[in-house]
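Single-structure report; data block below.
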Protein chains: 2
Amino acid sequence: MDLTDKKLLVLLQEDSKKTTKELSSKLNLSVTAVYERIKKLEREGIISKYVTILDKNKIDKGFVVFCHIKLIKHSKDLISEFEKEVVSLNEVLECFHVSGDYDYILKICVKDMEEYREFMVTKLTTLQHIGSTHSTFMIGEVKNSTSFVLN
Amino acid sequence: MDLTDKKLLVLLQEDSKKTTKELSSKLNLSVTAVYERIKKLEREGIISKYVTILDKNKIDKGFVVFCHIKLIKHSKDLISEFEKEVVSLNEVLECFHVSGDYDYILKICVKDMEEYREFMVTKLTTLQHIGSTHSTFMIGEVKNSTSFVLN
DNA sequence: TTAAGAACAGAAAAATATTCTACAAAATAA
DNA sequence: TTATTTTGTAGAATATTTTTCTGTTCTTAA
């Protein structure tokens with residue numbers, strides 16, 4: 001990965017719909033050269049996918065909650081069982097296993113508090129092996145980017 | 001937004017490179033009908049952007065830290081000053097203003113612990129108005145999606 | 001019932017992606 | 001050093017897709 005690849009990735013992270021023509025003029029390369037570089041980055045798995053981002057407020061998913069979870073026990077079996085169940089929950093967009101005071105951080109997106117309550121009662125708290133949960137509510141989105149700055 | 005729009009959005013969230021032809025066959029519509037629906041969703045702002053997702057491990061950004069921050073004071077001026085500074089930090093991909101025990105949750109992506117230390121010392125702790133920070137390290141990624149399930 | 005607007009399909013046109021060929025620079029081996 | 005391979009590139013040709021255009025159907029409201 002040279003400097004040109006990095007510039008290319010920065011541009012593609014912002015907007016995957018940029019045409020190779022646009023990219024070629026910004027990078028001072030031919031269309032083919034840009035095309036080949038992109039294909040190489042895809043083959044190497046550096047580019048993993050192209051996705052569409054929706055405005056969560058316009059699809060009734062603007063109520064965002066971070067839920068910190070502790071498990072009761074931490075045997076390998078119980079952990080993977082818990083994780084399998086979490087992955088299947090539509091409201092949970094992200095789930096990270098973390099070090100520290102609790103075991104997992106979940107990011108949950110729903111319509112409103114009522115829907116969150118419903119989610120907690122009927123889904124989250126019925127998960128196996130949960131010790132405790134602690135919900136933190138988002139009151140503002142300061143930055144929410146999918147683009148890495150490469151250096 | 002009808003059921004067809006929702007199906008369309010589910011498909012596009014997964015892979016924005018799907019052609020209108022592919023989509024049209026999955027939705028039992030003509031190419032033009034799909035095209036017009038997508039343009040409408042873009043105009044309405046429901047589709048906000050198309051992005052490229054990179055594999056963070058392959059670009060040396062696989063060390064992920066959640067940092068919980070408390071401010072000293074909470075006047076409007078100090079908050080917006082702090083937020084402006086945070087947004088400008090390349091290592092901070094996400095920053096949410098939250099309710100509860102602390103004021104902000106930051107998601108920080110760097111290469112390794114050494115780079116994180118450097119970031120803490122030279123950038124994060126030099127921010128104005130910070131009361132305290134608490135770092136939680138990601139030890140596993142269970143789920144990390146950008147796709148909402150629509151209902 | 002009729003008029004207006006929205007959604008749709010198919011064809012045509014325009015733009016883009018992809019492949020192919022060839023060349024030059026850089027890296028590698030003899 | 002020279003010969004050889006590899007890599008990156010450019011331009012042209014081709015394939016595919018996007019976008020526009022035209023006309024039709026369907027829905028809705030007057």
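Naming: A, B, ... by sequence-line order, numbering from 1 per chain.
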Quiz prompt | For A:His74, all residues meeting side-chain hydrogen bond (donor to acceptor under 3.5 Å, both in side chains), sequence neighbours excluded | solution = A:Asp103
Quiz prompt | Aromatic contact, A:Phe96 with A:Tyr104 (centres under 6.0 Å) | solution = no
Practice problem: Report, as a single string ordered 5' to 3', how protein heavy atoms within less than 4.0 Å touch nucleotides 8-24 of chain D: B base, S sugar-phosphate only, - not at all. | Solution: SSBBB----SSBBB---
Quiz item: In terms of side-chain geometry, is the basic nitrogen of B:Lys49 or A:Asp15 positioned less than 4.0 Å from the acidic oxygen of its partner?
Solution: no
Self-check item: From CA spacing to verdict: salt bridge (Lys or Arg N to Asp or Glu O under 4.0 Å), A:Arg117, A:Asp112
Solution: CA-CA 9 Å; A:Arg117 181 183 134 79; A:Asp112 51 27; over 6 Å; no
Quiz item: What's the verdict on side chain to side chain donor-acceptor pair (under 3.5 Å) for B:Ser135 and B:Tyr116, showing C-alpha distance, side-chain angles and the deciding distance?
Solution: CA-CA 10 Å; B:Ser135 299; B:Tyr116 185 64; 2.7 Å; yes
Quiz item: Mind checking which nucleotides bracket the chain B contacts on DNA chain C, 5' to 3', with an atom under 4.0 Å from a heavy atom?
Solution: C:dA7 to C:dA11
Practice problem: Using side-chain contact (heavy atoms from CB on, under 4.5 Å) as the criterion, point out the one residue from A:Leu89, A:Ile108, A:Val92 that pairs with A:Lys123. | Solution: A:Leu89
Quiz item: Is it true that B:Asp55 and B:Lys61 make a salt bridge, defined as a side-chain N closer than 4.0 Å to a carboxylate O?
Solution: no
